[in-house]
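As structure tokens, the structure follows; a few thoughts come after it.
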Amino acid sequence: MSKKEIVAMLLAGGKGTRLGVLTKNIAKPAVPFGAEYRLIDFPLSNCTNSGIDTVGVLTQYEPLVLNSYIGNGSSWDLDRRDGGVTVLPPYLRETGGSWYKGTADAIYQNINYIDLYDPDYILVLSGDHIYKMDYSRMLAQHKQWNAEASIAVMEVPWEETNRFGIMNTDDKCQIKEFQEKPEEPKSNLASLGIYIFNWPLLKDYLESDAQNEDSAHDFGKNIIPAMLGEQRKVFAYNFDGYWKDVGTIKSYWETHMDLLAEKNKGLNLFDRSWVISSVNPNRPPQFVSRTATISHSMINKGTKICGKVENSVIFFGVEIEEGAVIKDSVIMPNVTIEEGAYVNKTIMGQDSIVKDNARIGVGETQEFDITVIGEGETISNGKIIEHGSVIG
Amino acid sequence: MSKKEIVAMLLAGGKGTRLGVLTKNIAKPAVPFGAEYRLIDFPLSNCTNSGIDTVGVLTQYEPLVLNSYIGNGSSWDLDRRDGGVTVLPPYLRETGGSWYKGTADAIYQNINYIDLYDPDYILVLSGDHIYKMDYSRMLAQHKQWNAEASIAVMEVPWEETNRFGIMNTDDKCQIKEFQEKPEEPKSNLASLGIYIFNWPLLKDYLESDAQNEDSAHDFGKNIIPAMLGEQRKVFAYNFDGYWKDVGTIKSYWETHMDLLAEKNKGLNLFDRSWVISSVNPNRPPQFVSRTATISHSMINKGTKICGKVENSVIFFGVEIEEGAVIKDSVIMPNVTIEEGAYVNKTIMGQDSIVKDNARIGVGETQEFDITVIGEGETISNGKIIEHGSVIG
Amino acid sequence: MNNVMGIINNNPQGISLKEITAHRSLASTPIAARHRLIDFPLSNMVNSGIKNVGILLESRFRSLLDHIGPGKAWGLDTKQDGLFLLPPAHIYGNNQIYKGDIENLYTNLDYLHRSTQEYVIVAYPFIVCNLNYRKAFNHHIKTGADITVIYKDLETMHRDSHYTTIKTDSEEKVLDMKVNPDTRKETRVSLKRYIMKKDILLEIIDNCVSTGQWDFEKNGIASHLSHYDVRAFPAFDYIAITGSVSEYYRRNMEMLQPDIFNNLFEGIGPIFTKPKDEAATKYTTNSKVNNLLAANGCYIDGEVESSVLFRGVKIHHGARVKNSIIMQKSEVKENAVLENVIIDKNVRINPGKELRGDPAFPLIIEKGSVI
Amino acid sequence: MNNVMGIINNNPQGISLKEITAHRSLASTPIAARHRLIDFPLSNMVNSGIKNVGILLESRFRSLLDHIGPGKAWGLDTKQDGLFLLPPAHIYGNNQIYKGDIENLYTNLDYLHRSTQEYVIVAYPFIVCNLNYRKAFNHHIKTGADITVIYKDLETMHRDSHYTTIKTDSEEKVLDMKVNPDTRKETRVSLKRYIMKKDILLEIIDNCVSTGQWDFEKNGIASHLSHYDVRAFPAFDYIAITGSVSEYYRRNMEMLQPDIFNNLFEGIGPIFTKPKDEAATKYTTNSKVNNLLAANGCYIDGEVESSVLFRGVKIHHGARVKNSIIMQKSEVKENAVLENVIIDKNVRINPGKELRGDPAFPLIIEKGSVI
């Protein structure tokens, strides 16, 4: 194996319990997003576009689904002679084996993989964030400032600081203090969960952290505080683009509405200079019939639209029959909405079916109450599902 | 995933303890063979040449090395849109996880993988056999005879029957009895460890075998006898080509000498109609200097030969300096034999070095006593290693 | 079908789609919003289990090369067999005139010899269909014919098309075959899919070359019906012959009918094409659409009726597009009006422009134009 | 080097290796037992971190296409950037005469425009070396030159070669440049590796086309030394110019010297080539060898001295081969004798035949011959 300057480690292990029925059968990074993508497409495409060609994907659960989505990595140009993308599930060793105990432990257990490439730097990423970032700029700053660790941060509204890990920096952007979801924040710079470390240094910290039985083996809770405690040079990297954690039903739905917004708040999926790649399913073009009406929506190929679609995101393989109405909704792959059905402010899981004249998301609408229909569910003829229900 | 008629499952889990120091750092299927190959190249190439494009490789140990050798499978044309080759280490589940307990258990633990392709048939293979076989012919017989299981067999000399699993068949090739290493064999048809099963049937047997706490979860010991006990239609498939188990130092060395034999006993690696593929390392041509003498040997590219080579097999990256003499030996990748050294009837492990004027394999030669130098060992200047020693 | 190889006979044969094929080969002509003609014969072969396909290149092969690449989208990027691009003959010398497809086959004889398959299927890319060759091939073996031609019974054919008719006896033996007859007498039209032993193809090439004849279909088959046992095998699914501009336009429009769309795309096998990363198509609050085929990456802020939009097309506010075909990345600016128009790729129609063709003579706007 | 693209200028430029390039382009000419000329410039670029390479095709491109494929061996099979095959100009029409490489570049202007890199390196494949461009590129940036030419000081050059000399001042500014001078005055020979901004390449193309001149090196650079600031950068490693048959033969023979072999193959970076599955080379008890470069898949039962054997060559019992180059799959039968011969691929030399050329005029046996 040849030496690499930087290797990315993508933490795709979360079970995504906050996404509820949407992650019943698939790992969170494989959740569909934006009509055409899955969540993991964003960090993987960012890596490729940033010139990083070696990516380890750390996954906790049965690796088959993610393995088969990632395949040989060619969708993201990550089928490289040296490096490329490798899925790293926890595996058994002669000495036994164990689940990844935390984000830091996941990296710790794969030190052998990283050492194959003898990198100078490690980029640590999460699998459930939607954003476009050029990591090579972050690395350039890291090198220029002679940092030992760099953490990407973003200004968040002061009233939301208690939802984030907040970084307090000096006037040279060096991080002096870390507050986890503070009640009394000293700054509004939130960590985006994107780290660059000098690999030899991180290895030392991981190894001593692994010995510590009291540690949660987490980057935010243990590794970063330990580094700050020892006055390591940890710098903030300011990011001012669009960034969203889609770990909850609400933020997942909101992010889709952001996509549809006229000035789409900074996440431009049509920009050819920073393309988000995905495993491109082979499908026919979208077919829009004489009876269809479409307004303010995104619709993928492989769909048949014969009904009314308004302010919604439609994935591939979806069929919307005549007289059906879809409003303010996210319709995941291979869903069928039959004649005369009504779907309002709903996330429809993959392969689900809404039968004739069923009505979903009716009743009084609370601002962030979203109706969710789980993967493979069938809503029978004429059935009425109250707004805010979760089925599956 | 699209349906496949047949899926191959390659048992590559053996630790290869009988190969001793040669498998200290690499799994048995990754052991180099025949100047250019690794053991696993044979079953993988046989699959491709037989038109089987979906292969699961079951491996017991840290999967990184095998994973990185197999890569995306493109070396064997197994980087297919559907299927291709997948390395299947034992992995953790929500309910815990465990080592593969036996060959049958390894398949049992991967039922999910197989069911992705909904196959009619399963081909079970081993990772440490050297042979060329067209599995599609075996499948054709299996289908034609309406078999429920088929086992490839070969006639072996009667005096060697006690080393094999012996199949006793009726006059229609149906297997009636199985004797494991019998003292009093009723036939000389030995099982080659190559099975075809009807998948739904095998699944039933695997599931009930998994419940049986007394079972060794082994095909030869448990599954086949259980099928025979219930009068299942198990047929023998006669194979009459070259087949060799290279699981011991002696058979490993012998098989190399077979390769060099003038009429190479049936294993023709030059035959373009049944090519054995491998991960082709990028190397310069072989360089033979003015001082070299070469006789009755196979020499790979990426070598520099300045000494004398006789009746030996030389892998890529090997340098043999002026005045060195190599006889009846197998020299694995990236070995250096320095000036004036002497190497006789020896297997030199990868990356090992023989310093100036050292002498290996001297003293009285017993017929099958082979000297073995382990991976990465250095034999110092002028050192003398007795014939039959094992270093490393 | 391991024993069958495919040849895609991508040669002009007198067919021109005017400006559309001025800079690309017939095989790489865009069709049906996200495909190119060659996607169909290539997918048909792959779906039938054929693993070795040669494509005869004609001289304008750049776009075809871009589209096909190593054949990955079709699973043909293999070390053994796979996809072979067969260069045309007349590029080896400076002053040669193109004679016909036989010359092209002759130049690539060594590929044919090297291939291990016993049978070959020759297909012409300008006839689009979703076909599985297994049945036809089994029929070919059963009848013991020298050559099997797949045909479809078509009551109506347009005079402006380009087609080959066959006449058969009651046992489906081909008695007569006419390439582009001036007056059409037979209803059976060849799908230009010919199944035969490779040896027969080699014999045809040899015969033609040694007698100075250069058209595979006319000289190799149609004029040798007494020499070879040529049998016909019927197809019943939808076929689209795109042998002229008006036919090409008509066929694209036809695919807007749900039954034809379903037959072509949800029929026997998937139609593969080169994937390209594009976001889903965006419709704004102003969009008004009515019967549409669209690829990804489009932006629709205007009105579109009965039209086919390729990748990345932009229809701006107030623009009205009707009965038109708009290729990759073309843009129709505010309040422009298009009717019965074929817009090639990278075209810009400026605000307020009005362009109208006739269904029988659609207006073609050349690649890269600004109007 | 993310900001640099490569152009491999595979154009004849008056160079012919006679029978060897009769059916293949110069770039796909076999060299050094398992390589082709293009392996070297392509590997050099890849080893320097260049990720976007265009190859100008000349008309005989079939073997080049086979060899390069999608560029996988060089890691250039990517969706973004990667390898681009740029068709020649003169195949678009029937009666055009090839004018020069500028025409070829001009035909592919859109590729140059589409590429996002700011700099370009133009390299000619018939000069073989193992080079990393990083140093030369950094030098180019530092000096602020318009064009940087890489050169080597060569005391002796053969008259039968094909080379470009440069004359520089004390600050390495190029004062004079002669393409194939009849009388050689300068010892500095251009490696035909030119570094410049893409904009300058575009300007050169534009200037040449609009004034009806067609040679990139002569018309674009050599005659514009007063217009552009052209600087020289020295190379010190081994280079092999294969601009004529005798040079080609001499260079292959030269690589049998251990120091030259080591410099070329164990130098700056690995030289990649298309992998092919072949067993190791087999030597029998009768084989007698003395200084040899050999690829895999050979079978040596005879005597071989100071020769280069490509893939799958068979030297049968009693045959004697000396100072010769034998290409893929050729066979020398029992007791045949070869000296100073270049055998192209798939040749069979029958038992007992004797063939002798002269080192200055090696005998060439054409591809596929039986003698």
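Below, read A as the first sequence line, B as the second, and so on, with proteins coming before strands; counting in each chain starts at 1.
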Open item on the list: Please give me the minimum heavy-atom distance between B:Pro284 and D:Phe261, naming the atom from each residue.
Closed with: CB-CZ, 3.9 Å
- [ ] Could you tell me which portion of B:Ile276 (side chain, backbone, both or neither) has an atom closer than 4.5 angstrom to a non-hydrogen atom of chain D?
- [x] backbone
Open item on the list: Counting only non-hydrogen atoms closer than 4.5 Å, does D:Ile271 touch chain B with its backbone (N, CA, C, O), its side chain (CB onward), both, or neither?
Closed with: backbone
Task: Contact origin within D:Leu256 toward chain B - heavy atom pairs under 4.5 Å - done: backbone
TODO: Keeping to residues at least two apart or across chains, list the ring-ring contact (aromatic ring centres under 6.0 Å, His included) pairs with something in residues 322-342 of chain D.
DONE: none
Extract the chain B to chain D donor-acceptor pairs under 3.5 Å, no hydrogen or angle test applied.
residue, atom, partner, partner atom, Å
B:Glu36, OE1, D:Asn296, ND2, 3.2
B:Ser74, OG, D:Lys72, NZ, 3.4
B:Arg272, NH1, D:Asp277, O, 2.6
B:Arg272, NH1, D:Glu278, OE1, 3.4
B:Arg272, NH2, D:Asp277, O, 3.3
B:Ser277, OG, D:Asp277, OD2, 2.8
B:Ser278, N, D:Asp277, OD1, 3.2
B:Asn280, ND2, D:Lys276, O, 3.0
B:Asn282, OD1, D:Thr273, N, 3.4
B:Asn282, ND2, D:Ile271, O, 2.9
B:Arg283, O, D:Arg34, NH1, 2.3
B:Gln286, N, D:Ala294, O, 2.9
B:Gln286, O, D:Ala294, N, 3.0
B:Gln286, OE1, D:Tyr283, OH, 2.6
B:Val288, N, D:Leu292, O, 2.8
B:Val288, O, D:Asn291, N, 3.4
B:Val288, O, D:Asn291, ND2, 3.2
B:Val288, O, D:Leu292, N, 2.8
B:Ser289, O, D:Asn291, N, 3.2
B:Arg290, NH2, D:Ser306, OG, 2.9
B:Ile294, O, D:Ser287, OG, 3.0
B:His296, N, D:Tyr283, O, 3.1
B:His296, N, D:Thr284, O, 3.1
B:Ser297, N, D:Tyr283, O, 2.9
B:Ser297, O, D:Tyr283, N, 2.8
B:Ile299, N, D:Thr281, O, 2.9
B:Ile299, O, D:Thr281, N, 2.9
B:Asn300, OD1, D:Asn296, ND2, 2.7
B:Lys301, N, D:Asn296, OD1, 3.0
B:Lys304, NZ, D:Asn262, OD1, 2.6
B:Lys304, NZ, D:Glu266, OE1, 3.2
B:Lys304, NZ, D:Glu266, OE2, 2.9

Open item on the list: Minimum heavy-atom separation for B:Pro285 and D:Ala294, please, with both atom names.
Closed with: CB-O, 3.5 Å
Open item on the list: Tell me the closest heavy-atom pair linking B:Met298 and D:Ala280, and the distance in Å.
Closed with: CE-O, 3.6 Å
